[in-house]
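Letters A, B, ... mirror the listed sequences (proteins, then strands); counts begin at 1. Excluded from the calculations below are hydrogen atoms, water molecules and symmetry mates; all remaining heavy atoms, backbone and side chain alike, are included.
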There are 2 protein chains.
Amino acid sequence: MAYERMRTHMDLNDRKKLILQAIIDEYIGSAEPVGSRAISKKHELGLSSATIRNEMADLEEMGYLIQPHTSAGRVPSDAGYRFYVNSLMKRYQLGVEAIERLRDELSGRLGILDKAVKRAGYLASALTDYTTVVSAPVSERVEIKKVDLVPVSEESVMLLIVTRTVRSRIIKTRLSFEKCEALAAILNAKLRDKTADEITFNTISDIEQEIIGRIDVEPKVLINVLHFVYESVSELDDTEIYVENAKSILQYPEYRDVDKAREIFSFLDDKSNLKRLISETGNEGINAKIGDENDSEILQDCSLVTVNYSLDGKAIGKLGVIGPKRMDYARVFASLDLISREIDRLLEYFSGNG
Amino acid sequence: MAYERMRTHMDLNDRKKLILQAIIDEYIGSAEPVGSRAISKKHELGLSSATIRNEMADLEEMGYLIQPHTSAGRVPSDAGYRFYVNSLMKRYQLGVEAIERLRDELSGRLGILDKAVKRAGYLASALTDYTTVVSAPVSERVEIKKVDLVPVSEESVMLLIVTRTVRSRIIKTRLSFEKCEALAAILNAKLRDKTADEITFNTISDIEQEIIGRIDVEPKVLINVLHFVYESVSELDDTEIYVENAKSILQYPEYRDVDKAREIFSFLDDKSNLKRLISETGNEGINAKIGDENDSEILQDCSLVTVNYSLDGKAIGKLGVIGPKRMDYARVFASLDLISREIDRLLEYFSGNG
DNA sequence: TGTTAGCACTCAACTAATATGAGTGCTAAC
DNA sequence: GTTAGCACTCATATTAGTTGAGTGCTAACA
């Protein structure tokens, strides 16, 4: 027992590392338990299957491999993947065309920021062929650039709040074009260049006082409008979350079971799950949660790799890739690295500091 | 043969209708071939299984039923469903609470029209538990209410086009706040209350002439801005399409086969498919396409039920439900009927004619 | 003439028995 | 330390046999 424990903590020698790497590489491709013969043949280690078998037995004892049953090959354990991700994984170089295309698609004829982020999620899913989750920028530092009221019918007015993006909502109220303009002017004077967290209920009360007497609006209407302004401003902080390419889950053999797939789909449909999920990941660089490192029961057989994107060196949103534990980590890491850097660049650009 | 053909065109007597209805009702619930004994027992027709068997044989001969194999029960054919939908189906009454909730959710704290429509799709999927496809209003008659230019950083300006909804895009260009305002004023004077199809390239040229000399902007910048204005206005016509609750597909036994499900997911992911699909449906009232009535290969085992929603009696968008052929048509028809009427009401309201 | 009981027949789906073969661990020889 | 060889294991595939739901047809009955 003492001996066993020693072994468990012993460092892997180079040959063991090579073999473990070969097994995981193999398994990532095949999703089938890997046998000693396959390794001995396909990977040129110059070792017989018997030798590999011995090493595999050791690796299993150390907790890096699992044997589903006596007469099957080996499958990486969570610890095996973890070791692979930390120490074994080869750098993956994305093709130049892929990088070029990415740049184009992200910055090209790109509309609004929300969409840039959504698009980044889409691109990550295209690059990796896994499902992606992306959270739109958290907006504590987002300044209000403009507020506007536009009558869109006789009985309704559209409230616009322009920050780095636009939010809009319809307010059911009768308000003439002129009164809208007058109201908007005051709102702008008071709200422009403020950030969402600077605007309190008091700010709104001030505005109310300002308006009363200066503009002739029914109190009921005014309260209605200001109510929505406040609500909309408060909502600026709401993190939007987008899921892209959920269907890719169905293509991996570990989810041939429809019920399992359905569980994940339901999980991905619930934004509150996703917000929690994505908020629980590391805040620096690229981060992987493998199998049981995920808190959520449903993701025990998945890995989640996330990256932060930032502005002025401060993380403001995350992009994550969800796939089977045997995902192609090297490729995913490379893709996320690239995309996050491109988003950073883009945000820098639009924020006017660049 | 002559006799057979006669039979095929013969009208169904009441008893046959009752039996066919019983079979389809049964099959909609179970997804398993329906046997004569089950009908004889569960539905109080006062007939023995032998009699039912005889009738079933007739119904099969007439093309309304199919026997998957000799020793199985009967399954409705496409023609069977068609007859059911046209003549047999019972009116379905949605619960009062469901209707109330729908009204609340649709009109309550509802933001913008795009979202109302998306929400309607969501509600339809919640009401029926099938996948829904909904196309946002086609905008030929949408008037431009306001155009605005807002600087959002030192190097970028946001272009806003407000119609019944808002579209926005970022233009990378240096433009001071004052110049933005001046430009916006001219754009508004020229574009307000025009519909997208009224604005041609000439309109834009006019505006260009107007601006040159009056406002001091670099020609390059001006051309850039006007280019985007034109492009954005042209894009107003783009039909947006939303799919809701695609995952519901996985819950029906006809899609236990992951590959089949995946096909459909891919199909639903491709907006061009959906646009074609939804444009090929009837333009009045509620419309069903059953099985092979769908042009698309992939939907041969599905039914698609659509309804138009309209403004001033003119259809401007569609809402569709996609599910297995044995879908609960009565429920789907009732749900779509209700929702489309509610949307009509809502649009009427916001358009200011109501 | 329409209805039904009864019976022989069919065939998908389940079960059990058997074969296959990929892969292992262990031993003994190199 | 490495490896050939062999006995052993066990998931998977194959086959044969059984079951039972459901049918069509016939003959008797109201």
Side-chain angles (χ1 to χ4, degrees), chain A residues 4 7 10 12-20 22-24 26-27 29-62 64-77 80 253-254 256-257, chain B residues 4 7 10 12-20 22-24 26-27 29-62 64-77 80 253-254 256-257:
Chain A
E4 246 184 286
R7 293 264 291 190
M10 219 168 68
L12 295 176
N13 63 33
D14 285 354
R15 195 169 75 177
K16 282 200 170 54
K17 283 184 190 169
L18 234 50
I19 291 176
L20 181 56
I23 292 171
I24 298 186
E26 197 68 26
Y27 187 70
S30 71
E32 306 266 292
V34 187
S36 53
R37 219 178 105 86
I39 296 300
S40 156
K41 287 226 158 167
K42 284 194 216 164
H43 298 256
E44 292 172 2
L45 301 171
L47 294 170
S48 78
S49 66
T51 310
I52 308 268
R53 265 201 301 282
N54 289 330
E55 294 288 34
M56 279 169 135
D58 288 353
L59 286 166
E60 184 173 2
E61 204 184 333
M62 294 178 189
Y64 295 117
L65 293 178
I66 288 167
Q67 208 173 8
H69 57 88
T70 358
S71 68
R74 277 6 188 256
V75 163
S77 69
E254 26 276 274
R256 301 300 298 181
D257 180 8
Chain B
E4 245 184 286
R7 293 265 289 191
M10 219 168 66
L12 295 175
N13 62 34
D14 286 354
R15 195 169 75 176
K16 282 199 170 52
K17 284 183 190 169
L18 235 49
I19 292 176
L20 180 56
I23 292 171
I24 297 185
E26 197 68 26
Y27 187 71
S30 71
E32 306 266 292
V34 185
S36 54
R37 217 178 105 86
I39 297 300
S40 156
K41 286 227 158 166
K42 285 195 215 165
H43 299 254
E44 292 173 2
L45 301 170
L47 293 170
S48 77
S49 66
T51 310
I52 308 270
R53 263 198 307 280
N54 289 330
E55 295 287 35
M56 278 169 137
D58 288 355
L59 285 166
E60 183 173 5
E61 204 184 332
M62 293 177 190
Y64 295 117
L65 293 178
I66 288 169
Q67 209 173 7
H69 57 86
T70 358
S71 67
R74 274 13 184 253
V75 162
S77 68
E254 26 277 274
R256 300 299 298 182
D257 180 7

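Among C:dT4, D:dT2, D:dA11, the nucleotide with an atom closest to any side-chain atom of A:H69 is D:dA11.
A donor-acceptor contact shorter than 3.5 Å is absent between the side chain of B:S40 and the backbone of B:S36.
When both distances must be under 3.5 Å, the Watson-Crick or G-U wobble mate of C:dA19 is D:dT12. Within the shown strands, D:dC29 is the pairing partner of C:dG2 under the Watson-Crick or G-U definition, both distances less than 3.5 Å. In a base pair of the Watson-Crick type (N1 to N3 plus N6-O4 or O6-N4) or a G-U wobble (N1-O2 and O6-N3), with each distance short of 3.5 Å, C:dT27 is matched with D:dA4.
Within the 4.5 Å cutoff, the side chain of A:L12 has heavy atoms near those of the A:L59 side chain. By the 4.5 Å heavy-atom criterion applied to side chains, B:D58 and B:K16 are counted as neighbours.
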Would you sort out whether B:I52 and B:L45 count as a side-chain contact (heavy atoms from CB on, under 4.5 Å), showing the intermediate values? CA-CA 9 Å; B:I52 308 270; B:L45 301 170; 4.2 Å; yes
Using the side-chain contact (heavy atoms from CB on, under 4.5 Å) rule, take B:R15 and B:L47 through it: C-alpha gap first, then chi angles, then the decisive distance, then the call. CA-CA 10 Å; B:R15 195 169 75 176; B:L47 293 170; 3.5 Å; yes
Going 5' to 3' through nucleotides 24-30 of chain C, assign each nucleotide B (protein heavy atom under 4.0 Å from a base atom), S (under 4.0 Å only from sugar-phosphate atoms) or - (no protein heavy atom that close). BBB----
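Atom CG in A:L45 sits about 15 Å away from atom C1' in D:dT3, given to the nearest Å.
Rounding to the nearest 0.5 Å places CD1 of B:I19 at 14.5 Å from OH of B:Y64.
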